[in-house]
Amino acid sequence: MFEARLASTLTLKRIVDALREILNQSTLDCSDTGIQMQAMDNSHVSLVSLCLRKEYFEKYKCNRNISLGLDLKSLTKVLKCANGDDAVTIKAADKADKVELSFESAGKERTADYELRLLNLDQEHLAIPETEYNCVVHMPATEFARICRDMATFSESVVIACSKEGIKFSASGEMGAANIKLSETTKGEVSIQVDEPVALSFAGRYLSTFTRATPLAEKVKIGLAPDVPLLVEYPIEDYGYIRYYLAPKVDD
Amino acid sequence: KKIQGSIRNYFSAK
């Protein structure tokens, strides 16, 4: 038996919004410690990893590990039926072929239950190695979203170069070129830790997709190391995260 | 010219 209750549907809506552009379907792996999900996009260029520890939930019960294969489009449709300030309870029996979502209005005067058919997804799990990133940058999530949007105007390819001087985003195309550089701020809005400078090239379209998670977090963490995927991490309060990994572009 | 790498080249199957 699995049961998890969140005080606000809004955060769940935001989590699904952060996933659904990159994934159509996904399996939530529920255990007694919380919920995990990991999936590659269709073209296997990026990987998204979601972790919600049980402390994130108002109520959490999971007697036995259970995998819930969900169609994210269908889940979005169900979430549209709920108000952001409704409480939501997700329930599934052991070996169930459906999941139940119950919404309760803030004043408890309205309840609504929905059933969603579960999918049997054959999802491949990848081992994500522990990586020491040479450059770790924290910046406001809205700033990162703005940079990705502005870069997209110029080119499909974005170079991210990080050194002690700052982090620089560059894009150049037929129209011209764009360079945006952020330095560390004294107020701590932007922090930049650099062991070795790193410069890598990425597909801007994926970076833009990752910024769908912007409403979830004030700050985004970016990790860069030579010849490994970029890490873009959005914390979910103190109880979890969405991490996106993006394979760099490499010389032909 | 740069080409897009695959995430599978970096993360192996469990």
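All values below were derived from every heavy atom in this structure, side-chain atoms included, with hydrogens, water molecules and symmetry-related copies excluded.
Residues I3(B) and V250(A) meet the side-chain proximity criterion, which asks for heavy atoms closer than 4.5 Å. Residues P129(A) and Y10(B) have side chains not in contact (no heavy-atom distance under 4.5 Å, counting atoms from C-beta outward).
Heavy-atom contacts from other residues, nucleotides or ligands closer than 6.0 Å to CZ of R243(A) number more than 12. Few gaps surround NZ on K219(A); more than 12 heavy atoms of other groups in view lie less than 6.0 Å from it. Annotation: D94(A), atom CG; neighbour count of heavy atoms from other residues, nucleotides and ligands within 6.0 Å is above 12. The environment of D122(A) atom CG is sparse: at most 12 non-hydrogen atoms of other residues, nucleotides or ligands sit within 6.0 angstrom. For N9(B), the CG atom is densely surrounded, since the number of other residues' heavy atoms within 6.0 Å is greater than 12.
Comparing S201(A), P248(A), S46(A), S157(A) by heavy-atom pairs within less than 4.5 Å of chain B, the highest count is held by P248(A).
Of the two parts of D41(A), neither the backbone nor the side chain holds a non-hydrogen atom closer than 4.5 Å to a non-hydrogen atom of chain B.
In this structure, OH on Y244(A) lies 13.5 Å from CD1 on I7(B), to the nearest 0.5 angstrom. Distance check: H44(A) NE2 to F11(B) CZ gives 14.0 Å after rounding to the nearest 0.5 Å.
Closest approach of Q4(B) to A203(A), counting heavy atoms only: OE1-CB, 3.5 Å. Of all heavy-atom pairs between A247(A) and G5(B), the closest is CB-O, 3.5 Å.
Comment: K2(B) engages D251(A) in a salt bridge, judged by a side-chain N to carboxylate O separation of less than 4.0 angstrom.
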